[in-house]
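This is a predicted model, so every value here is computed, not measured. Remember, it's 1-based here, ligands and their atoms both numbered in the order they're listed.
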Amino acid sequence: MTSDSDRPVRTRYAPSPTGPQHIGGIRTALFAWLFARRHGGQFILRIEDTDQKRTIPGSIEMILDAFDWLGMDIDEGPREGGAYGPYVQSERLELYQTWAKWLVENGYAYKCFATAEELAEMRKQVGGYDRRYRDIPTAESDDLEARGLPYVIRFKMPATGVTIGEDIIRGEVEFANDQLQDAVLLKSDGFPTYHLAHIVDDHYMRISHITRAVEWLPSFPLHIQIWNALGWEKPQFAHMPVFLNPNGKGKLSKRNAQFTDADGKSVPVLVHEFIEAGYLPAAVMNFLSNIGWNFGDNEEIFSTAQAIERFDLKDVNPANSAYPIAKLDWLNSQYIQRADVDELSQLLQPILEAAGYTVDEARLQRVVPLLQVRLKSTHDVVPMAGFFFADWSSFEAPPAEILIQRKMDGDGTAEILRGALLVLQALDSFKHDAQYAAMSKFAKAIGYKNGQVFGSLRAAVSGQKVSPPTFETMEILGKDESLRRIKLALQALIGQTD
Ligand code: GLU
């Protein structure tokens, strides 16, 4: 097949605006994007809204939000504009109509006047369209049209022989032409079908590589024949594998959004679910790049910039793969550990605010380094560290079951807190290492384990069982506030006032 690999690289993502973005579609887009970036080419977003019944308002915004969140920049599209627009198919109808007409006039397509009833009958009799209008004389066709009968334009698919397609991922694929129908190119309402519209657009938009889901492979021979009829230079094709459910059975569909992982946690499938679940965009990019393609060197963690340096469409694995969602939590925690404080603070602040906390930014910057090794998801910040941002004056001592550590009792805990008060009070520096040194010494002196002493203090000052490290926490709370909280805990425990 003719395809000139020296063409400037221009790839595209061509979603239909049918609602929230599915992660499988985004992965297809990601591969097209990586390829464009690798070759210094352009990446185009085109909205395929020719099936108006399926169009959902607000979809374009959702698609753009997904790209913005993941940091995939778009060179040309409905928002960005560009030299080959408009980038929304419903704004290009005349172009499709022109080429549909051209195909009829040049003998590659024909007007089909079959009614819905006729078609239903044919489906029953022969399992599809029986090509009854394919060879009617032009005069007859013109006459039916003049009488105002509605018609569609169908492509004259060669009835015999084979069509051979070249796919970057799958190599040569051969199809028997008699397996294909005379597909509709233009509907009676003047809207094109996907088959015609994407070819016209990919030609006019100078797309060099068509990357799309493998579901389109059966239509590939039809498309090759249409390209040939139009006489246009074909782009190269890459039919992408799709994601299967985590158990490897069935395609991961939107309707399966409730599929749960081994822990019974529902699996994110739509881009906004990843955002809501608190994943870092860089972790999601890494996760997606690693499904159906791999970086090599047994390296699981790599940046988008590194992926761009190595990515090639021909290295994509043709096999569909089970959605490896379990990897995402691990990757996410790795990214949280490696993120810089500013970046992570910016992600955590809105989450804390949404949970009702008023965030002091300077304090958040001090808290974040303590959280990095402890957060699996950004949302864990709320139970882990929300208390730093609560109103300190209304802090209440936690109940005894939180205060009293395992294998301890109330008296022992009170003894620890009472002693700790004296030791901490006497410290000149309230830096965490000074506290640590003093409290370890104290633990030894009174015959408790460090864990028992530190755990009692943690519960006393944070009000919870799990928190960032105790002494770092107290350093951020400050000496006065920490001591005040220890006293509150002591009072709660023994009803004692000082
Ligand atoms: N609108 C088509 C879809 O959403 C696009 C396929 C393609 O990329 O050509 O499946």
### Message
With a sphere of 6.0 Å drawn around CD of Glu361, does it hold more than 12 non-hydrogen atoms of other residues, nucleotides or ligands?
### Response
no
#### Entry: Test of proximity, Tyr194 against ligand 1: N or O pairs below 3.5 Å
yes
### Task
Please report which non-hydrogen protein atom sits nearest to atom 5 (C) of ligand 1, along with the residue it belongs to and the distance in Å to one decimal place.
Ala14 O, 3.1 Å
### Task
Tell me which protein heavy atom sits closest to atom 10 (O) of ligand 1, plus the residue, atom name and distance to 0.1 Å.
Trp216 NE1, 3.1 Å
### Message
Would Pro15 count as being in polar contact with ligand 1, using the rule that some N or O on each side must be under 3.5 angstrom apart?
### Response
no
### Query
Is it the case that Lys111 places NZ or CZ above or below the six-membered ring of Tyr151, under 6.0 angstrom from the centre and within 45 degrees of the axis?
yes
### Message
Within ligand 1, which atoms have a heavy atom of Arg12 less than 4.0 Å away?
### Response
7 (C), 8 (O), 9 (O)
### Query
Hey, would you say the Phe67 and Trp33 ring centroids sit under 6.0 Å apart?
no
### Query
Would you call the rings of Phe274 and Tyr279 parallel, tilted or perpendicular if under 30° counts as parallel and over 60° as perpendicular?
tilted
### Query
With a distance cut-off below 6.0 Å to the six-membered ring centre and an angular limit of 45° from the axis, does Arg363 pair with Phe388 as a cation-pi contact?
no
### Task
Any atoms of ligand 1 less than 4.0 Å from a non-hydrogen atom of Glu48? List them with their elements.
1 (N), 2 (C), 5 (C)
